[in-house]
Amino acid sequence: MNPLHWLRTHRWAFAGIGVLVLWVALSATTAQFSLASLSGVATSASFLAVVALGQMFAVATGGGNVDLSIPGVVTLSAFATMILSGGTDMGLLRALPVVLAIGVVIGAVNAILILRLRIPAIIATLAVGYVLDTASLLANRRFTTFAISPALRTLATAHPAGVPAILLLALALAVAVAVLIGRTSYGRWLMATGQSATAADLAGVPVASVTATAFVFSGVLAAIDGALLSAHTGGAFLEMGRPYLLQSVGAVVVGGTLIFGGSATAFGTLLGSLLLVLIVTTMQIAGLPGGVQDMVQGAVIIAVLAAAGSGLSRRTA
Amino acid sequence: MSASQSEAHDDVVLRAEQVGKVYPGTTALQGVDFAARRGAVNVLLGENGAGKSTLMKILAGVEQPSSGRLFLDGQEVRFASINDAAAQGIGIIFQELNLCPNLSVAENIFLGHPALRFGIDIDTNRHALAARALMRRLEHAIDPDTLVGDLRIAQQQIVEIAKALARDVRVLIMDEPTSALSAAEVEILFRVIAELKASGVAVVYISHRLEELVRIGDTVSVLRDGRLQASAEMRDVDIPWMIAQMVGTLADQSDGPATRSGGAPLLSIADVSLANPHGGFLVDHVSLDVAAGEVVGLYGLLGAGRSELFEVLIGAQPDATGTVLLDGIDLTSLPIASRLRAGIALVPEDRQRDGLVQSLSVAANLTLASLWQFLRGLAIDKTRERNAVARAIGNLFIKVSSPDVEVTALSGGNQQKVVIGRALLTRPKLLLLDEPGRGIDVGAKAEVFRTMRALAREGLGVMFATSDLKEVLAVADRIVVMAGGRIAGDFPRAEATETRLVAAANQGTAISVGHLA
């Protein structure tokens with residue numbers, strides 16, 4: 001098969017190549033980049049991948065849809081986990097339903113704002129995120145404990161056979177999402193909705209529920225990520241979900257999912273998360289200040305979108 | 001399944017009784033009765049805006065009627081959605097292609113009703129097999145794994161048809177299924193329709209091609225202005241009857257030849273060329289004169305260079321060479337805006353994409369290109385704008401309840417008139433129209449052509465491009481034939497015949513009769 005055509009249909013390969021190149025370059029040029037730091041990179045990438053897989057559902061619904069409430073959900077769910085679990089496994093059982101409910105409800109609220117009230121997703125989810133930040137602020141005042149449930153801590157920090165448990169979780173999640181997208185009616189309908197909502201509608205696809213479900217997935221995955229993150233960082237703090245605002249979208253598009261919807265790859269999003277984290281690590285090793293790191297991340301995402309955009313216009317020309 | 005006695009001698013599968021549909025601002029359908037008989041092709045006919053597509057959407061469950069009732073096998077039914085209707089055996093093929101470009105042929109065909117293994121896993125193999133069988137039935141060698149976006153338009157139309165056939169349909173609604181197909185592909189489709197008929201399917205068939213309808217139709221129902229105008233057995237009627245029912249009176253576009261003003265030509269182009277980036281010329285050394293008060297038909301096959309010539313004239317092709325004179329003024333190196341001000345106006349071929357701003361009102365669309373005329377200081381003089389809009393709507397007989405209605409609410413013919421009206425408000429001397437009759441029905445066409453002739457009588461130069469022989473012969477004073485970017489013939493109306501035009505268009509060699517510039 002023509003390699004160019006193969007690249008067009010397997011866009012995640014670009015992120016894969018990027019990961020390889022950076023990894024080889026880092027290993028060759030610096031002794032600091034040890035196996036231990038590789039495990040650190042994998043852990044950060046895994047936390048990013050969980051929210052990015054959710055973001056991918058929102059982006060895949062098309063029409064420029066995106067879920068910007070993810071950081072708010074992550075932070076709020078981290079607070080909920082800390083406060084309700086009280087550092088015990090029994091408490092965790094109490095906290096888990098609440099965490100999941102936060103994800104489902106926020107996703108449903110986003111869906112109602114977008115589908116019923118016809119507010120553009122980018123505005124609706126941004127506004128919901130601000131409301132959530134206020135809720136986190138209130139939770140912060142009642143925040144008393146830094147104790148973490150042992151079970152959650154194991155999941156977030158253990159390294160069975162040297163591999164971070166959270167990486168295994170992210171991998172399993174990616175496989176599940178890949179099957180959902182590639183092999184089920186829901187996945188097929190999601191792609192159809194993203195490519196042409198009209199065509200999907202007239203083919204009998206339940207476009208509204210497909211879109212709503214995508215935002216619920218996004219909310220739930222962000223909530224789960226928040227709970228795990230609280231165990232990993234050893235607590236909850238305001239704005240802890242903040243970096244995921246741009247990074248979740250970045251991992252999705254760098255991984256090869258089309259920002260205009262209708263095409264998504266779970267594997268690519270995984271690689272995209274890894275690549276973004278590697279880029280940040282590279283800059284940290286190079287000793288660049290934090291502000292510059294943010295600028296470079298933004299620039300990388302803009303560059304990917306520009307490349308994808310011009311590729312798109314070339315095809316339609 | 002026991003059919004009652006009354007249904008046995010009643011062939012009607014799906015029946016609409018006194019169906020009406022009211023949209024905000026317009027009544028699309030009013031008290032319409034329609035019956036689809038099994039084992040028959042039930043033709044639905046009407047001008048654009050007559051309510052065909054509304055009725056069709058109601059029958060297929062896409063829209064719900066505001067009044068009236070639907071009966072399926074004599075039982076009253078209510079379709080909540082297109083899926084609901086499909087589950088009861090109603091299939092529909094839409095005119096606009098409704099396919100997902102990044103999904104494969106098989107994926108598109110089974111999008112609404114995937115075959116599943118264990119209730120969740122999509123059975124790709126079964127899809128591929130079934131899609132292959134459907135393609136064989138439609139006599140097309142399209143690989144089910146091809147992405148739909150990589151197919152030609154005609155092939156996509158075949159996929160759209162296969163999509164409907166993939167479900168067991170008892171009623172199949174087809175909206176202009178042949179509009180994108182070649183003659184050979186139309187024959188295949190007709191064979192499939194005959195097969196469906198024989199197996200007892202009720203086909204509801206909508207088309208503008210009247211000859212087609214006479215050939216395959218069994219019954220015909222004509223809609224006009226949202227009401228049922230007439231219905232009859234196809235064998236009892238002929239094409240003139242159908243046109244008369246659609247339009248009201250028999251269409252007659254012919255009027256006397258325009259009075260040709262003598263003297264200097266209005267438009268004079270010499271040696272105009274546009275290089276093809278892939279070699280050769282899109283417009284190949286064309287020289288041509290157009291007089292004021294003259295309607296010139298630019299006839300040619302697809303790709304003959306007609307649209308490109310218009311683009312050169314309006315200034316949209318900066319790389320073109322040669323000279324363009326309008327009323328003695330040299331336009332050759334001027335940009336589009338200056339040419340518009342000098343008096344050229346173009347009505348583009350694709351009015352949906354290039355002609356209209358869909359979300360704006362009729363009034364806003366009309367004055368969009370001539371807003372500078374209504375300025376008082378920096379503000380728009382609303383009164384003067386209103387008056388101009390009212391005049392344009394009146395002069396062109398645009399059918400609209402209010403100028404503030406969104407332009408998309410109008411029928412195709414009336415949208416076309418809005419585009420023409422907008423061009424006219426710039427007070428052009430030369431009006432270029434690219435395929436002004438495409439996509440609008442017989443009645444609206446006649447009106448658009450009458451408008452063009454009337455404008456010529458007022459002293460405008462009118463030039464229109466078309467690939468429709470009858471159109472060019474009915475409307476033009478003079479017919480210029482283009483082939484392969486060149487002028488292949490230039491005939492006064494009196495000397496033009498279908499044979500000569502076709503010969504010129506196909507040869508690509510210049511057979512000049514009369515005044516070649």
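Naming convention: chains lettered A, B, ... in sequence-line order (proteins, then strands); numbering from 1 in each chain. Keep in mind that what you see is a predicted model, and the values were worked out from it rather than measured.
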From [atom1] ([X]) to [atom2] ([Y]), nearest 0.5 Å:
X	Y	atom1	atom2	value
B/Asn83	A/Leu202	CG	CG	11.0 Å
B/Asn98	A/Ser196	CG	OG	6.5 Å
B/Leu111	A/Thr193	CG	OG1	8.0 Å
A/Asp201	B/Ile82	CG	CD1	7.5 Å

Please say whether more than 12 non-hydrogen atoms of neighbouring residues, nucleotides or ligands are located less than 6.0 Å from CZ in B/Arg78. no

Count the heavy atoms belonging to other residues, nucleotides or ligands that lie under 6.0 Å from CD1 of A/Ile17, then report whether that count exceeds 12. yes

Which one of B/Ala60, B/Ala164, B/Gly112 has the most heavy-atom pairs closer than 4.5 Å to chain A? B/Gly112

Sort out for me which of B/Ser81, B/Pro101, B/Ala85, B/Gly61 touches chain A most, counting heavy-atom pairs under 4.5 Å. B/Pro101

Of the non-hydrogen atoms in B/Cys100 and A/Ala199, which two are nearest, and what is the gap between them? SG-CB, 4.3 Å

Which portion of B/Phe94 sits near chain A, non-hydrogen atoms under 4.5 angstrom: side chain

Contact origin within B/Ile92 toward chain A - heavy atom pairs under 4.5 Å: neither

Does the side chain of [X] reach to within under 4.5 Å of the side chain of [Y], using non-hydrogen atoms?
X	Y	result
A/Arg188	B/Pro114	no
B/Asn102	A/Met191	no
A/Arg183	B/Ile122	no

